[in-house]
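Quick notes on the structure that follows.
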Amino acid sequence: DLFGHVKGAFTGAIKQRDGFLKEAGEGTLFLDEIVDMPMETQTRFLRVLSDNTFVPVGGDSCSSQKFRARIICATNKDIPLLIGQDKFRVDLFHRINVFELPLPTLRHVLDGMANDDKASMFQGIANDIADDLSYLYYIHFTDEALEKLSFYSYPGNFRELYNVLTRAVVRLMPHGGSMVDADALVFAGDQVESLSGERQINVDSLSFEDILGKVESFKDTLFEKKIRLLLQKHHGVAIDAAREAGFRGGNNATTKFNKL
């Protein structure tokens with residue numbers, strides 16, 4: 001993927017394929033988790049940075065190409081420690097470590113935020129997730145939920161926060177609710193009820209893709225049930241039922257409103 005290959009370089013290489021080094025052109029090549037690069041590839045990549053040229057897999061000196069892009073590398077591991085364990089080349093480290101920009105963890109970021117700013121951030125992310133799931137209720141948090149979100153350690157960083165909030169939104173959907181309480185916030189290692197309520201499943205098995213699949217299977221049925229209950233409560237007055245449902249603006253919301 002990095003160097004590309006020429007036709008016939010290996011079994012199955014039926015045509016030439018450009019790698020990331022060429023595709024980057026004169027732009028920027030971002031290498032996430034640079035420490036996961038195999039030692040052999042590290043050696044080849046060091047040569048690229050030294051000579052500003054590269055050869056696709058299976059190529060020869062005649063197929064050498066210029067490398068013109070800038071490099072940005074990222075990792076959450078301790079590179080000096082890996083160098084001491086002979087898992088990362090020290091010369092490559094000094095070649096890429098021109099300007100180091102340490103990024104704070106989510107926990108560190110939250111420690112420096114005011115409570116109102118944290119609440120706005122959590123609420124903004126949760127409502128973006130609701131939009132992605134076509135859930136038209138505006139999400140709020142109880143004070144206890146905000147406190148729980150604010151003081152958790154987040155070893156999984158932002159991705160863990162995103163998954164926690166996704167699970168919270170999904171748990172609201174069967175009931176048509178908009179208020180997230182502390183019990184709806186399930187962190188790594190906890191157990192959460194399946195969407196059917198019939199069994200317990202491990203949180204780690206609920207990826208975002210898994211959640212989307214489960215949501216699509218019962219979303220329309222739950223919505224129609226909510227319609228019937230609200231219409232019954234408001235004696236058939238659709239606009240009053242829609243107002244209580246907390247529907248927001250936008251084309252999708254308008255379609256649902258008209259259906260209601």
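- Residues Glu160 and Asn163 have side chains not in contact (no heavy-atom distance under 4.5 Å, counting atoms from C-beta outward).
- The salt bridge (Lys or Arg N to Asp or Glu O under 4.0 Å) test applied to Arg47 returns no partner, not counting sequence neighbours.
- Residues passing the salt bridge (Lys or Arg N to Asp or Glu O under 4.0 Å) test with Glu33, sequence neighbours excluded: Lys77.
- With values rounded to the nearest 0.5 angstrom, Asp181 atom CG is found 11.5 Å from Leu146 atom CG.
- Every residue meeting the side chain to side chain donor-acceptor pair (under 3.5 Å) condition with Arg70, not counting sequence neighbours, appears here in chain and number order: Thr28.
- When all heavy atoms are compared, the tightest approach of Asp18 to Glu23 is O-OE2, 3.6 Å.
- Under the ring-ring contact (aromatic ring centres under 6.0 Å, His included) criterion, Tyr152 pairs with Tyr154, Phe187, not counting sequence neighbours.
- Going from atom OH of Tyr162 over to atom CD1 of Ile125 covers 9.0 Å, rounded to the nearest 0.5 Å.
- Side-chain contact between Thr142 and Met179 is present, with heavy atoms from C-beta onward closer than 4.5 Å.
- Note: the hydrophobic cluster containing Met39 does not contain Leu92 (ILVMFWY, side chain heavy atoms under 4.5 Å, direct or indirect links).
- Residues Ala24 and Leu29 share a closest heavy-atom pair of CB-CB, 4.1 Å.
- A distance of 6.5 Å separates CD1 of Ile139 from OG of Ser178, quoted to the nearest 0.5 Å.
- Closest approach of Ala126 to Val169, counting heavy atoms only: O-CG2, 3.8 Å.
- Partners of Asp183 under the salt bridge (Lys or Arg N to Asp or Glu O under 4.0 Å) rule, at least two apart in sequence or in another chain, do not exist in this structure.
- Distance check: His94 NE2 to Ile79 CD1 gives 10.5 Å after rounding to the nearest 0.5 Å.
- For the pair Asn157 (side chain) and Leu106 (backbone), a donor-acceptor distance under 3.5 Å is present.
- Phe3 is connected to Leu49 through a chain of hydrophobic side-chain contacts under 4.5 Å among Ile, Leu, Val, Met, Phe, Trp and Tyr, so both are in one cluster.
- Residues Thr53 and Val48 are not in side-chain contact: their nearest non-hydrogen atoms beyond the backbone lie 4.5 Å or more apart.
- Of all heavy-atom pairs spanning Pro174 and Arg171, the tightest one is CD-O, 3.5 Å.
- Under a hydrophobic-cluster definition in which Ile, Leu, Val, Met, Phe, Trp and Tyr are linked whenever side-chain heavy atoms come within less than 4.5 Å, directly or via other members, Ile72 and Phe93 are assigned to different clusters.
- Evaluation of the ring-ring contact (aromatic ring centres under 6.0 Å, His included) test over residues 29-83, restricted to residues two or more places apart or in two chains, returns none.
- Counting only residues at least two apart or in different chains, side-chain hydrogen bond (donor to acceptor under 3.5 Å, both in side chains) contacts with residues 34-44 comprise Thr43-Arg89.
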Using the rule given for side-chain contact (heavy atoms from CB on, under 4.5 Å), can you reason through Glu147 versus Asp143, listing the C-alpha separation, both sets of side-chain angles and the distance that settles it, and then say yes or no?
CA-CA 6 Å; Glu147 183 176 1; Asp143 290 342; over 6 Å; no
Would you list the atom pairs, donor with acceptor, under 3.5 Å between side chains in residues 117-124 and any protein atom, with sequence neighbours excluded?
unit_1 : atom_1 : unit_2 : atom_2 : d
Ser120 : OG     : Asp116 : O      : 3.0
Gln123 : NE2    : Tyr138 : OH     : 3.3

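- Evaluation of the salt bridge (Lys or Arg N to Asp or Glu O under 4.0 Å) rule for Asp78 yields no partner, not counting sequence neighbours.
- Considering only residues two or more places apart in sequence or on other chains, Asp86 meets the side-chain contact (heavy atoms from CB on, under 4.5 Å) condition with none of them.
- Nearest approach of Val180 to Ala145, heavy atoms of both residues: O-CB, 3.5 Å.
- Arg95 pairs by the side chain to side chain donor-acceptor pair (under 3.5 Å) definition with Ser50, not counting sequence neighbours.
- In this structure, Val55 and Gln65 have side chains that are not in contact, with every pair of non-hydrogen atoms separated by 4.5 Å or more.
- Arg107 places no side-chain N or O within 3.5 Å of a backbone atom of Pro155 that could act as its donor or acceptor partner.
- Listed here is the closest heavy atom pair of Leu2 and Met37: CD2-CE, 4.1 Å.
- To the nearest 0.5 angstrom, Arg68 atom CZ is 9.5 Å from Asn52 atom CG.
- Under the side-chain contact (heavy atoms from CB on, under 4.5 Å) criterion, Gln85 pairs with Leu81, Leu82, Lys87, sequence neighbours left out.
- When side chains are defined from C-beta on, Tyr135 does not count as touching Ile129, because their heavy atoms never get closer than 4.5 Å.
- Rounding to the nearest 0.5 Å gives a distance of 6.0 Å between CG of Leu165 and CG of Leu149.
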